[in-house]
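A short worksheet on the structure shown next.
Order of the sequence lines sets the chain letters (A, B, ...), proteins ahead of strands, with each chain counted from 1.
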Amino acid sequence: MDFQPDLPIPISYVSGRYLLFSIDAVTYLRREHHICGVLIGTLPQIPQQNVFLGLPLELMPEEARLLVDKGVACIVDEAKAHDGMNTLLEEDRRRYLRDLESQGLHVSRIQSDRKERNREQTLKKLEEKKANAKAKATASAAAAQTPTVPEEATSTPSPKNAAIVDLFNAEDRSSSPSTALASTPPQGAVAITPATSYPPLSTPPPSSHLSAPAVPPSYPLFAHLHSKGYFLSPGLRFGCQYMAYPGDPLRFHSHFLVVSYDWDQNIDIMDLVVGGRLGTGVKKGFLIGGAQKGIDEANSEADRVDTVRAFSLEWAGM
Amino acid sequence: MADADEDVIHAPANASTQPEVDLSDETQDFRFLNHLNFFADSSPGIPRRGEKDFEPNPTELQADVLAASRGAMHNALSYPRLHGAKTRVIAFYAPDGYVPPAQPDRAKPKAGEDGKSSESTPKPARPLPSSARISPDACVYVPSPKGQFFKTMGQADSSSRVWLLPEEALYLIERGSLDIRWPSPSAGPGEEDLSVPMSLQAAYACFMGRGGLTLERYSVYTGLKRLGYALVRAPGWCDDIEPQDTDIPDASQAAPAKLHGPGLAGILGSLFNWIHDPLSTASTATGPIIGTGIHRHYMDVYRKLAIIPWYDPVTAPERHPFDTSPPFRVVFHIYKPSTPFKKSAPPAPDFRIAVVSTRDQTTMPTMTQLGALLESTPLDPPRGEKMERMMYMRLRHGYRNVVMAVVDQGVVSYLRIADSAFGKEKLYENKGGPQGPKRSRTNQKPRKR
């Protein structure tokens with residue numbers, strides 16, 4: 001859980017977007033750097049729904065930039081890195097396939113164990129049922145007031161159950177050694193589609209890293225709020241640029257709808273009314289802000305972040 | 001503030017039947033996944049949304065709950081993509097695109113080994129005329145397809161291999177239903193099979209950006225696939241194709257739409273002309289709007305008062321899909337799960353969707369762009385008994401419609417855009433009035449007269 005991946009974490013640059021495929025990197029960045037991103041992949045265990053999504057994780061350019069500027073992450077051109085697959089050495093291939101096979105064997109062993117346990121549980125239940133039925137039958141026989149026909153009816157299932165139990169037992173006995181046998185040859189191994197390509201590919205050298213991502217003019221405000229401990233996520237669906245959460249969005253509702261403006265930009269009063277009313281309507285503050293220094297005046301983006309000022313609007317009495 | 005917020009959240013949880021709550025709107029607590037048993041055969045239901053706290057506080061309890069949530073998320077996301085021996089479907093990546101089978105008789109029985117070796121040799125990726133159906137963008141083939149997915153995906157070639165488009169292959173590998181292998185460098189007939197499985201990361205790296213597939217389009221594709229819809233690429237998929245060199249898709253795609261479009265438009269258009277007599281407004285410059293004649297009916301007066309021209313979507317010209325400006329262009333045709341779908345002859349789509357990325361397109365579409373987008377869809381007038389009866393449903397349905405998917409960094413919002421015809425709804429002709437409260441008014445009307 002508290003796994004610490006090797007830094008810098010490679011962020012995959014795929015077709016103009018920033019993605020993460022390693023679960024350890026995702027958990028680490030969320031825990032230590034308050035970077036959540038957006039999960040966009042299908043969860044293989046429940047693939048037909050959109051509520052819980054899985055890897056990969058898409059990062060906003062702002063998030064990727066922030067991590068690169070902090071020295072936590074680097075950008076890797078994934079398409080170029082995967083050209084290495086063609087030149088993979090034969091022994092590397094073999095080793096990789098062997099690794100995957102042992103993983104697959106491990107998984108199939110877990111699965112068969114689980115099946116075994118489930119079977120035992122159902123057996124136990126059947127056993128109990130049988131015992132209950134017997135107890136009932138004997139009880140009814142002892143009472144000797146019930147006619148014989150229902151008694152027979154109640155007693156008939158028990159031999160049947162017993163037969164089923166025997167069947168299960170027999171299958172159990174015969175199958176358990178066979179599964180053990182089957183797991184030794186490679187056919188028993190479950191095939192696995194790995195989430196990442198490292199291994200078999202080796203980590204790309206620092207010289208191949210791409211430069212820091214280009215960011216929109218709203219970046220200083222993003223970085224400012226992030227430095228204050230807020231978790232930020234894309235907010236267009238909710239009518240703003242970013243949603244600002246006071247803690248991990250897993251556990252907290254957002255507090256602010258964030259919109260960034262340039263320092264000298266004229267703000268339409270209607271935008272403030274609309275944003276303010278929208279925010280208040282959903283019990284959030286409408287937050288506007290921007291960097292005082294322009295891109296030309298500051299040496300770096302970090303310089304600009306220090307000059308950010310933010311204001312929040314809330315409708316009173318609504 | 002917090003209480004009201006919580007109340008809002010609680011209300012839908014109690015009434016579980018409320019369909020308005022979109023659970024995917026918000027980050028969900030992954031601890032709910034713990035209650036699901038993934039190894040059970042029955043498909044698990046979707047968990048309900050949970051409670052959230054207002055703001056962090058330094059209590060141990062909150063820290064523990066958060067740690068548990070993150071742990072559950074970690075577990076859920078690290079679940080591997082497994083292929084059991086029985087359900088495993090193997091596919092091969094063909095970096096050069098579609099390659100016709102070298103020797104059909106050889107490729108048929110054991111396509112797994114032989115097809116692959118023929119792939120690795122450099123060959124021109126020109127499709128044969130016999131397999132012209134296979135898209136040049138296809139880059140993954142399945143030698144022995146099985147399972148439900150190939151009912152709506154892929155195109156079979158002459159040796160019954162199914163070729164998958166990048167988004168189809170990516171969707172299948174992501175949901176753990178396809179085992180895609182890298183082309184193996186030299187797998188002779190007697191040699192050990194050394195084809196390496198493709199990772200999810202590799203699949204994204206290789207398929208994304210291929211043949212016009214963007215992450216936004218893929219997000220829409222996979223999001224709707226997860227809900228059970230069938231999707232096929234629309235003729236407007238390619239951004240860079242000019243109207244001139246698109247005669248072939250034009251003939252196959254636009255022709256059936258045009259067949260019924262202008263026909264119906266013609267009928268409705270003549271109807272409209274009959275109702276809206278242009279002569280009645282001819283005299284506005286010289287005299288009173290309603291003229292000097294004797295009017296026996298309010299209807300005539302109202303009709304003559306209608307001097308403002310209005311837009312009729314029915315008479316708007318049909319537009320070619322390429323005569324629109326990307327990204328405001330239909331890229332997917334969508335079929336509901338209930339629509340009988342045949343890969344070889346897809347029926348008329350239930351929805352048409354355009355995909356917009358908020359980072360590339362930061363402004364609202366202009367009227368011209370939106371109009372062109374709507375005009376590129378076939379006429380879909382409101383039909384049916386319910387629509388006849390209810391005016392507002394008619395207005396909402398419109399005469400042409402298109403769905404726009406706005407993708408903001410992985411967060412997808414769907415907007416339905418319809419061409420309503422307010423000018424067609426003559427309120428003065430509506431005797432009963434559109435709904436209940438107005439009826440009392442109509443009762444008064446005769447008395448006034």
How would you list, by chain and number, every residue that makes a side chain to side chain contact (heavy atoms under 4.5 Å, CB included) with A/Asp24, sequence neighbours excluded? A/Phe3, A/Ser22, B/His74

Between B/Lys52 and A/Leu250, what is the shortest heavy-atom contact and its length? CE-O, 3.9 Å

What's the shortest heavy-atom distance between B/Gln409 and A/Glu58, and which atoms? C-OE1, 3.4 Å

Give a yes or no answer on whether the side chain of B/Asp53 reaches the backbone of A/Phe252 with a donor-acceptor pair at less than 3.5 Å. no

For the interface with chain A, which of B/Ala202, B/Gly176, B/Gly228 has the highest count of heavy-atom pairs at distances below 4.5 Å? B/Ala202

Please answer whether the main-chain N or O of B/Ala76 pairs with a side-chain N or O of A/Gln45 as donor and acceptor at a distance below 3.5 Å. yes

More than 12 non-hydrogen atoms from neighbouring residues, nucleotides or ligands closer than 6.0 Å to NZ on B/Lys146, yes or no? yes

Would one find more than 12 heavy atoms of other residues, nucleotides or ligands at under 6.0 Å from atom CD of B/Glu60? no

Which atom pair, heavy atoms only, marks the closest approach of A/Gly54 to B/Leu77? CA-CD2, 3.5 Å

OG on B/Ser413 to CZ on A/Phe238, rounded to 0.5 Å: 8.0 Å

Please list, chain by chain and in numerical order, all residues satisfying salt bridge (charged side-chain N to carboxylate O under 4.0 Å, His left out) with B/Arg217, sequence neighbours excluded. B/Asp239

Is chain A contacted by the side chain of B/Tyr218, its backbone, both, or neither, given a heavy-atom distance below 4.5 Å? neither

Quick one: does A/Arg251's side chain get under 4.5 Å of B/Val65's, heavy atoms only? yes

Before giving the answer on side-chain contact (heavy atoms from CB on, under 4.5 Å), spell out for A/Gln111 and B/Leu82 the whole-Å C-alpha distance, their side-chain angles and the decisive distance to 0.1 Å. CA-CA 11 Å; A/Gln111 278 181 336; B/Leu82 305 171; 3.8 Å; yes

Heavy-atom check, side chain of A/Thr193 versus side chain of B/Ile173, under 4.5 Å: yes

Any salt bridge between B/Arg70 and A/Asp248, counting N to O under 4.0 Å? yes

Tell me, out of A/Gly16, A/Ala79, A/Ser12, A/Pro56, who's got the most heavy-atom pairs with chain B below 4.5 Å. A/Pro56

Residue part contacting chain B, namely of A/Phe231, when any heavy atom lies under 4.5 Å: side chain

With a 4.5 angstrom heavy-atom cut-off, is it the side chain or the backbone of B/Leu178 that approaches chain A, or both, or neither? backbone

Residues A/Pro234 and B/Val411: closest non-hydrogen pair is CG-CG2, 3.9 Å

For B/Gly223, is there any backbone N or O sitting under 3.5 Å from a side-chain donor or acceptor partner on A/Asn50? yes

Identify the heavy atoms of B/Val412 and A/Arg237 that sit nearest to each other, and give their distance. O-NH2, 2.5 Å

Using a cut-off of under 4.5 Å on heavy-atom pairs, state which of A/Leu19, A/Ile192, A/Val107 scores highest against chain B. A/Ile192

Residue pair B/Thr358 / A/Leu236: nearest heavy atoms and the distance that separates them: CG2-CD2, 3.2 Å

Using only non-hydrogen atoms and a strict under-4.5 angstrom cutoff, which residues of residues 205-214 of chain B touch chain A? B/Ala205, B/Met208, B/Gly209, B/Leu213

Please tabulate, one pair per line, all N/O donor-acceptor pairs under 3.5 Å involving side-chain atoms of residues 36-43 of chain A, not counting sequence neighbours.
| from | atom 1 | to | atom 2 | distance (Å) |
| --- | --- | --- | --- | --- |
| A/Thr42 | OG1 | B/Glu174 | OE1 | 2.9 |
| A/Thr42 | OG1 | B/Arg226 | NH1 | 2.8 |

Let me see the working for A/Ser15 and B/Glu216 under side-chain contact (heavy atoms from CB on, under 4.5 Å), right down to the final yes or no. CA-CA 10 Å; A/Ser15 176; B/Glu216 284 72 33; over 6 Å; no

With a 4.5 Å heavy-atom cut-off, do B/Gln201 and A/Tyr198 have their side chains touching? yes

Where on B/Thr87 is there a heavy atom nearer than 4.5 Å to chain A: the side chain, the backbone, both, or neither? neither

Checking A/Gln48 against B/Arg175 for the side-chain contact (heavy atoms from CB on, under 4.5 Å) test, could you report, in this order, the C-alpha distance in whole Å, the side-chain angles of both residues, the deciding distance, and whether it holds? CA-CA 9 Å; A/Gln48 296 297 153; B/Arg175 84 192 293 292; 2.6 Å; yes

Give, for atom CG of A/Leu55 and atom OG of B/Ser78, the distance between the pair rounded to the nearest 0.5 Å. 8.5 Å

One option among B/Met198, B/Arg88, B/Arg359 has the most heavy-atom pairs under 4.5 Å with chain A, and it is B/Arg359

Between A/Pro216 and chain B, which part of the residue has a heavy atom less than 4.5 Å away: side chain, backbone, both or neither? side chain

Residue, of A/Glu62, A/Lys115, A/Met243, A/Lys80, that accumulates the most heavy atom pairs under 4.5 Å with chain B: A/Glu62

Name the region of A/Leu201, side chain, backbone, both or neither, that has any atom closer than 4.5 Å to a heavy atom of chain B. neither

Determine whether B/Phe54 and A/Lys283 satisfy the following criterion, side-chain contact (heavy atoms from CB on, under 4.5 Å), listing intermediate values before the conclusion. CA-CA 11 Å; B/Phe54 175 66; A/Lys283 312 282 178 209; over 6 Å; no

B/Asp360 with A/Arg17: basic N within carboxylate O range, under 4.0 Å: yes

